[in-house]
Amino acid sequence: MLATQGQEFWGGRWALAARTKGRATIRDVDAAFERGEIVRSWTMRGTIHVIPSEDLAWVLSITGERQGRQVAAVRRAEGIDDDEMARTEQIARAALSGGNRLTRKELFEALEAGGVSTAGQRGYHLLVSLSLRAIVCQGPIVPREGGPTREQYIVLTEEWIQDAASPANPLAELFTRFIASHGPAGARDFAWWTGLPLGVARSAAVESLALSDGRRDEASARLTVVAEQPEPQYVVTGPAVPRRSAAAPEVLALPPFEEYFLSYADRTVPCAPEFLSAIGPGLNGIVRPIIVARGEIVGVWTHSVAVGRHADDPVPVLFTQGSATDLEVAAALDRYRDFITA
């Protein structure tokens, strides 16, 4: 997937588990964070994602500066200038060096002790600034009694991530990886997903297709155009093996901010237009968990991960009766509950 949205931390982890062969629990995903295989950071659109550790730096080399420019006015309003960010980096490095790990609260306390205010939204924007420059990331899990873990320790990226990837053409690699996990899709979808300008997205598509037709070592997969109108749509061509197990269920309960729904310029392909508003994004920016039956989004569901409530039954709401059977929906939600209560 390269990156899955993770501002709802449990949802970002369920997005991975739902795509994993066999039974994967929240403990399994948390173990991958503990091993340093995946991290969480603001990789694109000012939104936090789960991403393979090795891919964080090169992705931010494309998206980080633009994300910073987009919040420049907010930083000025908060009194965060270049000197303030430099002091923040110095304090953070001193507090985290040597393999140390801090919760967000502990990092903010270190900044306060060093004379940098984290009042109001300042702490958040200072943390984002450090993250966009790949100085820190969110890695190992902070333990939590009585419920699913919900927080990560902040670590120094250069210490936590030992084997960073270095694609020869990062922009082409980013487009190819997006298509590999989201295709068929095109430049407009890529522009939305990454937050990059449409012109840059189109250039990425051209470069990716050129590399696919030429030096295979510089592209992670070969791209194929499967439609030309209204704009080219791409997929990757790989080994002639099934992408989907015949035993996989036809009804799925997928997380909030789900990539299958949110990552496209036109969301009416998987979801009927009249149901888009029921999913979101709403005025509060929330995108609800979805129920997918045979490729079509047919409903939403709710569940609390609060201590003492995470074992409760998730509650489904189908848009139209008969789009999925009660047994299919119950089985989909049971797979999620098995994940979250492990």
Side-chain angles (χ1 to χ4, degrees), residues 1 4-26 28-29 50 148 180-185 189 192-193 226 233 235 241-306 309-342:
M1 293 298 294
T4 59
Q5 285 203 217
Q7 59 266 63
E8 288 279 4
F9 189 27
W10 69 268
R13 289 177 287 175
W14 174 231
L16 299 181
R19 290 168 166 85
T20 301
K21 185 181 294 185
R23 177 181 182 268
T25 69
I26 194 168
D28 296 324
V29 182
V50 179
S181 55
H182 294 78
D189 303 309
W192 153 251
W193 191 68
V226 293
Q233 300 289 296
V235 297
V241 296
R243 291 290 301 275
R244 182 180 184 276
S245 167
E250 293 190 323
V251 176
L252 304 170
L254 297 178
F257 304 97
E258 164 57 36
E259 295 285 325
Y260 184 68
F261 170 73
L262 191 60
S263 302
Y264 302 90
D266 179 8
R267 297 171 189 149
T268 63
V269 176
C271 183
E274 61 267 30
F275 302 133
L276 294 177
S277 62
I279 302 171
L283 294 176
N284 57 3
I286 296 299
V287 179
R288 300 175 70 185
I290 57 176
I291 298 172
V292 178
R294 289 160 279 278
E296 181 181 359
I297 299 173
V298 299
V300 294
W301 56 283
T302 58
H303 186 246
S304 173
V305 293
R309 296 187 59 190
H310 68 286
D312 294 351
D313 289 335
V315 179
V317 177
L318 294 183
F319 298 144
T320 57
Q321 294 303 312
S323 53
T325 68
D326 291 345
L327 286 176
E328 288 177 319
V329 173
L333 293 174
D334 281 347
R335 287 189 292 273
Y336 161 74
R337 188 168 59 174
D338 184 46
F339 158 82
I340 203 70
T341 57

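Just the heavy atoms: all of them, side chains too, but no hydrogens, waters or symmetry mates, feed the values below.
Legend: residues meeting salt bridge (charged side-chain N to carboxylate O under 4.0 Å, His left out) with D334, ordered by chain and number and at least two apart, are R337.
Between the side chain of W14 and the main chain of I26, no donor-acceptor pair closer than 3.5 Å is present. Under the 3.5 Å distance criterion, the side-chain polar atoms of W301 are left unmatched by any main-chain donor or acceptor of V317. A donor-acceptor pair under 3.5 Å is formed between the side chain of Y260 and the backbone N or O of G295. At least one donor-acceptor pair closer than 3.5 Å links the side chain of E259 to the backbone N or O of Q5.
How far CD1 of I290 is from CG of L262: 9.5 Å, rounded to the nearest 0.5 Å. Taking OH of Y336 as the reference point, atom NE2 of H303 lies at 4.5 Å (rounded to 0.5 Å). T302 OG1 to D312 CG: the interatomic distance, rounded to the nearest 0.5 Å, is 10.5 Å. In this structure, CZ on F319 lies 8.0 Å from CD1 on I291, to the nearest 0.5 angstrom. Once rounded to the nearest 0.5 Å, the distance linking CG of L333 with CD1 of I340 reads 12.5 Å. Between the CG atom of L16 and the CE atom of M1 there is a distance of 8.5 Å, given to the nearest 0.5 Å.
P289 is not listed as a side-chain neighbour of P255, based on a closest heavy-atom distance of 4.5 Å or more. The shortest side-chain heavy-atom distance between I297 and F275 does not fall under the 4.5 Å cut-off. In this structure, the side chains of V287 and E8 stay at 4.5 Å or more apart for every pair of heavy atoms.
Across all their heavy atoms, P184 and Y264 have their closest contact at O-CE2, 4.2 Å. Closest approach of I286 and N284 over heavy atoms only: N-OD1, 3.1 Å. Scanning all heavy atoms of the two residues, the minimum distance from R267 to W192 falls at NH2-CZ2, 3.1 Å. When all heavy atoms are compared, the tightest approach of T320 to S323 is O-OG, 2.9 Å. Minimum interatomic distance between A278 and V300 (heavy atoms only, all atoms of both residues): O-CG1, 4.1 Å. Closest approach of P281 and G285 over heavy atoms only: CB-O, 4.2 Å.
Around CD of Q321, the count of heavy atoms belonging to other residues, nucleotides or ligands within 6.0 Å does not exceed 12.
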*Hey, mind stepping through E258 and I279 against side-chain contact (heavy atoms from CB on, under 4.5 Å) and telling me if it holds?*
CA-CA 10 Å; E258 164 57 36; I279 302 171; over 6 Å; no
_Between F261 and V292, is the side-chain contact (heavy atoms from CB on, under 4.5 Å) condition met? List the steps._
CA-CA 10 Å; F261 170 73; V292 178; over 6 Å; no
*Take R335 and R23, measure what side-chain contact (heavy atoms from CB on, under 4.5 Å) needs, and give me the verdict at the end.*
CA-CA 8 Å; R335 287 189 292 273; R23 177 181 182 268; over 6 Å; no
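Here salt bridge (charged side-chain N to carboxylate O under 4.0 Å, His left out) pairs that include residues 284-297, with residues two or more places apart or in two chains, are E250-R294, R294-E328.
Cation-pi contact between R13 and F9: present, with separation from the ring centre below 6.0 Å and deviation from the ring axis of at most 45°.
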